[in-house]
Each structure stands twice: as C-alpha cells, then as structure tokens.
Enquirer: 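Please see the structure below; I have some questions.
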There are 2 protein chains.
Amino acid sequence: MIVRVSREKMAEHRETIISSAAKRFRERGFEGISVADLMKEAELTHGGFYGHFESKEELIALAAERALRDSTAKWEKILDGAKSDPLQALADTYLSQRHCDNPGTGCIFPALGSEISRQPESVRNVVTQGLQRFVGLLGRAIKGKSPAQRRRKAIVAYASMIGGMLLARSTSDPVLCREILRTVSESLSSDGVSSNLTAK
Amino acid sequence: MIVRVSREKMAEHRETIISSAAKRFRERGFEGISVADLMKEAELTHGGFYGHFESKEELIALAAERALRDSTAKWEKILDGAKSDPLQALADTYLSQRHCDNPGTGCIFPALGSEISRQPESVRNVVTQGLQRFVGLLGRAIKGKSPAQRRRKAIVAYASMIGGMLLARSTSDPVLCREILRTVSESLSSDGVSSNLTAK
DNA sequence: ATTATCTATAGATCTATAGATAATGC
DNA sequence: ATTATCTATAGATCTATAGATAATGC
C-alpha cells in the first residue's frame, strides 16, 4: 500500500533516517549498513531514500554532522557541570567502559576515523568543522597561561583520548582494554601525570 | 595459459599477496580492495586466491600481522638509532607529514583502527599481540622510575600519536593538519609539554 | 496538480566454488 | 600422481533509477 505523508511527517522521516544512520554508521562503518537496511529501520522502503537524499554519500556527510553535533552537546553539559576539573570529568566519561562498549552513541573519531580519512572532501569538511568546535570547547575548559597554550593542551588531550579509545576497542584482551582506558584517563588528571599514576 | 609453478615460487606468490594486502588495506580499508584486484596486483587470477588462503578474513589477519611486524622493525631502528631522546625521535617520524600522506606503509591503527574494532577475534588477537610488542618496545625506550610507570607513559604516548594522526588525516584543512601533528609531537618532548610549547 | 512513497529492476560488484589444465616432484 | 593456477560461474548484495500510486495542499 502506497501512503503519501504530509510535509511535516516527511521531515520527521528525514530526521529518523539521519539519526539511524548516525548510529549505525558508528556501529558498523559507512559500508556496514546498506541504504535498504537503513530505510527498513525507518519503516520505509528502499526506493524512497532518493526522495530524501541525492546519494549515500550525502547521507554520510549529514550523519557525520549529526554525530558531531550530538557529541558537542554532551561535551558542553559535562564541561559545564564539572565542579573542579572539567577535563578530568570529560576524560572519565570519554574513557569509560560504557563509551567503549557503545560506539553507536559515542565519539565519531574512534568509531569512524580511519574511514573518514578516505571520504571525499564534502564529508571531511563537515568533520573539520566539528573538530574545530571540540578543540575550542575543550580549550576553554582547560587551565593554561594563554589561549594558544590552552588550545595546544586541548589538541593533545583529545588526541590521547581518541587514540586510547581506538586501542581499547581494537584489543581482544579485556584486561589490556581496561588498562588502556584507565591509564590514559589518569594521565589527563590535573594533578599531573606522574603524581596521579604513582599514587595508584 | 595455465602455469603451475614450483613450491618455492608459490611461497613467493603468497608473500606477494600478503604484502600487497598489507599495503592496500591500509590505503583503502579492508573492504576497499577486492580479492580479485589483489590477485591482479600479484599478476595472478582471482580463483587462485583460495589455494593460498581459506577466506578473505584469513588474509586480513595475515596482512594485519605483516603490517604490525613491519612497523615493529621500523620502530626498533628508530629507537635504537636515537642519540638522546628516543621517544622524540619516534614521535618526529610518526607524526611527520610523510607518515600522514602515506598510510599504506604506516601504522595500522590510524589507518584501520576503526575497522579493526569491528573485526572478528582472529584479527583482533593478532592486533593485540602487536600492540603489546609496541608498548613493550616503547616502554623500554622511555624514561621513568619503574617499569610500570614506563609502561603507563608508553601507552599514553602511543595513544596520543595515534589519535593525532587520525585527526590530522580526518581534516580537510592542511593548516589544521599540520598544527595537530606539530602540537602532539612537541607534547612528547622530554623537556616537558609546557616548556617546549611556550618556547616556540 | 503536486509529490512522498512504493514496486520492480538494471547494472555493477563481491566472495567463494567447481572443474579443467599443465607443470612439478616423486 | 600431485597440485598450483586458470576459467567460468553461482549466488548474494549494493547503489541508483524508472514508473506507478494515492494522499496532500493549493
């Protein structure tokens, strides 16, 4: 049965497709879920996809943007809600077992970074903007003499969190996985790396 | 024309296929090159593949192992050949524009990490072993009070290098790309983060 | 009348296998 | 006789499009 819906409902469908893609892509990779299966999740049929988007590539860019915006919102809440050490609060969440086990709702870089580097510029432009927002946010929450130094600290902290999560998810050894998450998290404590690490 | 070759030659073919896969997978992803195209590169035909390997998955594990072993050899040379600061010597090479532009011969984690986390355990076991070797190597080359602390420093340093390369390759902005590579590299200087960063 | 969705399919691509062929290695 | 490689193809899957349908919105 063919059912044409209102414009409002169509806009909802579009949002559903993008949200679903943002989650599934992070879980399975850009090539890990087909247009047909994404449409099935939205309870629509395959062919209808091309009324919403020009191509799968366009959806990839939109889904990446969605994932980045959702993460930005989460970060803002965490950084603003932190009592003493916003970076440590973020690191605790970012490097949690929960985040490790749930790539579909997590940071795009450990989930899709390797594939993003091979995407066309349309996708990498969106990602670049999101990355700049993250660095800006984090830089404002970090201690440091100058804005330039806070920015440098933010870049290094973010890189270590992403690399830590990537390694934790790559290993098949749960002990090593936990060791990596904990070690990187503790290295970001404002007490300084050595004091915090030697304390444990 | 069908040409059966000697056992020695067959072993060479096998090596060629694995080496080619180790490079192409890092360049294009595990799904970015087909069995047929890999065999074409080795100047063999598609069907012959299954005389060498049971499946593409088996080749993925072997190619990952190859990539990890090649990187281990490179790291050993760099760490052993360094005059004063082995970690900085490694970071200079790892976070170079050259490495950024050539994923096919570089570290497997920024090139394939997101996909590795979705691979079956056969692949992730191989990767885990390679990762443990890297951490061991790096820990021996790093300054620190105890072996445990050297290991922690090694994990954090490696995570930041991987995350830095992943971000550098994800951005479409060459200025941001260079900023990330330089900033993470300088953070690994043994002078300490702040002194080195404020000096520039 | 317009258009959001559906049905059906074209065309490309991919992994894996079956059976044939011809050179190796006993 | 054994076997490394080749030819040919089965079977699955994927993106994208063409044309039909029926509800919206003027």
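Note that the structure is a prediction, hence the values are computed from the model and not measured. Lettering of chains follows the sequences in order, A, B, ..., and the numbering in each one begins at 1.
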Enquirer: So if I define the base as every atom that isn't primed, P, OP1 or OP2, how would nucleotides 17-26 of chain C read as a B/S/- string at a heavy-atom cutoff under 4.0 Å?
Expert: B---BSBBS-
Enquirer: Which is it for B/Gln97 and B/Asp101 under the side-chain hydrogen bond (donor to acceptor under 3.5 Å, both in side chains) test, yes or no, and what are the steps along the way?
Expert: CA-CA 6 Å; B/Gln97 193 67 48; B/Asp101 294 339; 3.3 Å; yes
Enquirer: Write down the distance between CE (B/Met39) and P (D/dA4), rounded to a whole number of angstrom.
Expert: 13 Å
Enquirer: Specify the separation, in whole Å, of atom CZ of A/Phe53 and atom C1' of D/dA16.
Expert: 15 Å
Enquirer: Using Watson-Crick and G-U wobble pairs whose two distances are both under 3.5 Å, how do you write the pairing of DNA chain C as dot-bracket, with | for links to another strand?
Expert: ||||||||||||||||||||||||..
Enquirer: Whole angstroms only, please: what is the CD-C1' distance between B/Glu31 and D/dT15?
Expert: 15 Å
Enquirer: Thinking salt bridges, do A/Arg66 and A/Glu15 make one under a 4.0 Å N-O criterion?
Expert: yes
Enquirer: In terms of side-chain heavy atoms of B/Ser55, which of D/dT5, C/dA16, C/dT5 is nearest?
Expert: C/dA16
Enquirer: I'd like to know if B/Arg118 pairs up with B/Glu115 as an ion pair, taking the criterion as any Lys NZ or Arg NE/NH1/NH2 lying under 4.0 Å from an Asp or Glu carboxylate oxygen.
Expert: no
Enquirer: Under 4.0 Å between a side-chain nitrogen and a carboxylate oxygen: does that hold for B/Arg124 and B/Glu121?
Expert: no
Enquirer: Take the protein atom CZ of B/Phe49 and the nucleotide atom P of D/dT3, then report the distance between them rounded to whole Å.
Expert: 21 Å
Enquirer: Between A/Arg24 and A/Glu27, is there a salt bridge with N-O shorter than 4.0 Å?
Expert: yes
Enquirer: D/dT13 C1' sits how many Å from A/Lys56 NZ, rounded?
Expert: 11 Å
Enquirer: Following the transitive rule for hydrophobic clusters with a side-chain heavy-atom cut-off under 4.5 Å over Ile, Leu, Val, Met, Phe, Trp and Tyr, establish whether A/Val175 and A/Ile180 coincide in one cluster.
Expert: no
Enquirer: Between atom CE in A/Met10 and atom P in C/dC6, what is the gap in whole Å?
Expert: 11 Å
Enquirer: Going through the distances and angles, do B/Ser172 and A/Thr128 end up as a side-chain hydrogen bond (donor to acceptor under 3.5 Å, both in side chains)?
Expert: CA-CA 6 Å; B/Ser172 56; A/Thr128 302; 3.2 Å; yes
Enquirer: Give the nucleotide from the list D/dT15, C/dT5, D/dT5 with an atom nearest to the side chain of A/His52.
Expert: C/dT5
Enquirer: Specify the separation, in whole Å, of atom CG of A/Leu59 and atom C1' of D/dA16.
Expert: 14 Å
Enquirer: Are any of the side-chain nitrogens in A/Glu179 or B/Arg151 under 4.0 Å away from the carboxylate oxygens of its partner?
Expert: yes
Enquirer: Please confirm whether the backbone N or O of A/Phe30 pairs with a side-chain atom of A/Lys56, one donor and one acceptor, at under 3.5 Å?
Expert: yes
Enquirer: As a test of reading the structure: which of C/dT15, C/dT5, D/dT7 is closest to the side chain of B/Ser34, going by heavy atoms?
Expert: C/dT15
Enquirer: In whole angstrom, what separates B/Leu44's CG from D/dT7's C1'?
Expert: 14 Å
Enquirer: For B/His13 and D/dT5, is the shortest distance between a side-chain N/O and OP1 or OP2 below 4.0 Å?
Expert: yes
